[in-house]
Amino acid sequence: MTEPLLAVEDLTRRFGGLTAVNDVSCGVEPGTILGVIGPNGAGKTTLLDLITGFTRPDAGTVRFAGRDIGGIEPYRLPSLGLMRTFQSARLVPELTVRENVMLGAYRFTRSRFLSDGLRLPVSRREERGLAARADELLRFLELQGVADRIAIDLPAGVQHLVEVGRGLAGGPRLLMLDEPAAGLDDTETAELGEVLRAVRTGGIAVVLIEHNIDLVMNISDRVLVLDAGVAIADGAPERVRADAAVIAAYLGEEGRDT
Amino acid sequence: MDSRSPVTPPEGGGQGGSRTERGLRPALAAVGLVVALALPYVLPGTTSLLVIVGVFFLIVLGLNLLMGQAGQTSLGQTLFMAIGGYGAGLLALKLHWPTALAAAGMAVVSAGVAAVLGAAFLRLRGYYLALATLGLAVITQNLATGLGPLTGGPSGLVGIPSLRLGPIVFFSDQANYYLVLVVCGLGAWFVGNLQRGQTGRALSAIAADPQAAAMLGIKPSRYKTRAFVVSAVFASLGGSLYAFYFRFISPEMVGVTVAFAIVIMLTLGGARTLAGPLIGALLLQGLPMAGQRVALWEPLVAGLVLIVIVTYFPLGIWGGTRALIGRWRP
Amino acid sequence: MNMVDSIQVVLGGLIVGCVYALIAVGMSLIYSVSRIINLAQGGFVVLAALTAVSLQQRLGTSPFVVLVLVVLIFTVGLGAVDIVVMRPAARRATPDQVLLVTVGVLQTIGGLLLLLWGSLPYTMQPFTGAKPLVIGGVKIATQYFWIVGALALAVAGLWFLLHRTGLGLTMRATAQNPEAARLNGVDVDRVRLIAFGISGAMAALAGATVIPMTFLQFDTVTPYAVTGFIAAVIGGLGSTAGAVAGGLLLGVLEGVFSRYTSSSLAEVAAIAVLIILLLLRPAGLFGRVSEVRR
């Protein structure tokens, strides 16, 4: 059996007396969506932080595309093909939507201080390419109407979509999304689902952290349920939905509150 | 899906940037250029002042990139002014280097010093960086004073030659004005290009949120160091021009007060723009020229202005004006 | 350099160090309750010194009356600076920007000095006679006792306030964690106001006692501000004992260095020490918490 694109094994992280992530293992294959659900404080974001090198694990390994990325500096991840978004969209405040998405393709640009400052041909060519690519992605996300707006002036839900666009601009093999549907209404959430399906069809793996259970159950190939840092279920959506432990810990009580 | 596949790297076509601003910018630049060219004839008495304003505009432009764009406060730009001023002055005076070569050489030295210092300093958090660079400013003034045999001590380095480019000697106020104008024009063009390009966006991202920037593949420490290097080169060239114009440089000209003044100019005019540094340099350098009485008030007014601007108008004069205009637009 | 000379140099350094210590203690106190680095602290020392000179000239009263007056003026004055300048700044601006605001205050002090006292240096008669004590060949100016006394008074007073009064308990709680203190109903603005007032009194004590030993004018504000800050960092910002030790250490180092080189180069050495310390041991020699680096 070959190793999955992302392989997390026995990952543990403690903060003081609290074990935020406790011995969690999971894997993601190319062209599949892994949904991660769990109550607030279950360790979902910490899991993302551990995978992307923002937090160091106390134990366990993270392998991506066959290499150990434990303790890697985050800035090296995009060039390996791993992009992520944040729970509170962290866009660059004074840039427009298009410019934010252009920045997402940073890893493809070769132009730096000198070539940008002198407007060398390489810089101009790249600039055109970045803008075209950003516009293409914005059309894909149906955001072309707000391309020239300052990103943080837009509603939180739209900012999350822009962040998804920024992530896609980096041409990832794995896209990790932290609650992208927060702030979206039902129609927009359905559209986000379509977008993610299309992304999956493009061969990109997705890790989707979400509170919106319906979205997760609808589009995920696999669902991981965290509760108090422990993986209490991991499998196909319909199996997880039926899992007694999940219902007891999560779906029954808090499933509909966000 | 193929036609809109998100995995293909970027390639050709398309347009970036707001279209109205794109059309306006060359027109504004052209008007500015005509005014700048005519100024020595319209206001002949102010040419000397304008040379100094230009020198500081250049230095503030460089700081704009570091402080305005990348969000890293430096109170120590006088170190690089001193390297450019004293260094190029000494090379030309003592070793008879061609003046332009001396200025260029010292710009390279400044870049090297900034690269080394940047790698060490930029790990420091916000205000500790500001304080470490303030330390640099104090060291600069004290070294200029204390290394008497080399720098001429408190009374300064005298007898520096004028700048010479081939057959042209930049001796008169007017000649120096046009020289500074060209250098500033090139500097503004460079910084403007940077700010509008991917590098400027990357710097903004770092200033706003280093972690999120890193998740886009940007290495914050590298960018901050490079912005520091560019700012150092600008300050070094400014220092060299300053010394060649006055044919003299003294510890006061690279003193801590000047280091503060540079930051005040940027804050006053407004960071992240090109006009902001110009307005800041004009106001702060122009004020003392309005007469002896006013000159005495200058440090006090500069201090108060810094307090008020930072507290109540963080965008500065030009930035604030632009924000107001932007609000009126539909 | 013989024994007596060495002792003389160290003693002189210690005295200068007392002034640095007073600046550092004030800075450290403000930092601990508000996380603001008040770079202007050293500037207030020079302002206080020249105010003392002018009061002495105008009133012709005993230096002790002058000392008391200056302490009162600066206690109230720094309270006013807090309300008018620091409070709005701390509310609206980032820590970086607040630091710039204190740079603005420092610049304003320099400007005020230039405007009101001109660019000439000032000094004052010693409090108790110009004739120094001589012990074993070492000259001890009587003013030294007043400077040491000022520092001792300031530190003892601060210790008493912090450890023997209810207000001090509140201040210490605020210093532990300003945000948590605020959430627990502590009026953090009031605590900071009091800290500024106390630091004003310390600046006044330092300025009024040191001016008979030296010459001060508008452009000495920056050296005092920077050196005082270095002392506070060496000691570890937030620690009173550290600030005192840092100030004394720095004074002695500077005294010894300037014996061999010029005073400018001595200051270069002192600041080089600061920068290296910031890079290698950000918590200072006595501090515990490291929060300097990213």
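Per chain, numbering begins at 1; letters A, B, ... match sequence-line order. The model shown is predicted, which means the values in this text are computed figures rather than measured ones.
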Result block: side-chain N/O donor-acceptor pairs under 3.5 angstrom for residues 106-114 of chain C, not counting sequence neighbours:
residue	atom	partner	partner atom	Å
C:T108	OG1	B:L304	N	3.3
C:T108	OG1	C:G104	O	2.6

query: Considering residues, nucleotides and ligands other than C:W117, do more than 12 of their heavy atoms fall under 6.0 Å from its CH2?
result: yes
message: Tell me whether the count of non-hydrogen atoms from other residues, nucleotides or ligands lying under 6.0 Å of CZ in B:F248 goes above 12.
response: yes
Any residue of residues 220-228 of chain C which, by heavy atoms, sits under 4.5 Å from chain B: C:T222, C:V226
task: Specify which of C:L265, C:I230, C:T94, C:L115 makes the most heavy-atom pairs with chain B at under 4.5 Å.
output: C:L115
- line: Ranked by heavy-atom pairs below 4.5 Å to chain B, first place among C:S264, C:A89, C:G118 goes to C:S264
- request: Give a yes or no on whether the backbone of C:S199 and the side-chain of C:Q41 come within a donor-acceptor separation of less than 3.5 Å.
  value: yes
- request: Look only at the side chain of B:T311 and the backbone of B:V308, and say whether a donor-acceptor pair between them is shorter than 3.5 Å.
  value: no
field: Centroid-centroid under 6.0 Å between C:F229 and C:Y31 rings
entry: no
statement: Nearest heavy-atom contact between B:F80 and B:A235 is CB-CB, 3.7 Å
- prompt: Any idea which of B:I139, B:L134, B:L136, B:T145 has the most non-hydrogen atom pairs under 4.5 angstrom with chain C?
  reply: B:I139
- request: Heavy-atom distances under 4.5 Å only: say whether C:F218 touches chain B with side chain, backbone, both or neither.
  value: neither
task: Using a strict cut-off of less than 4.0 Å between a Lys/Arg side-chain nitrogen and an Asp/Glu carboxylate oxygen, indicate whether C:D82 and C:R190 qualify as a salt bridge.
output: no
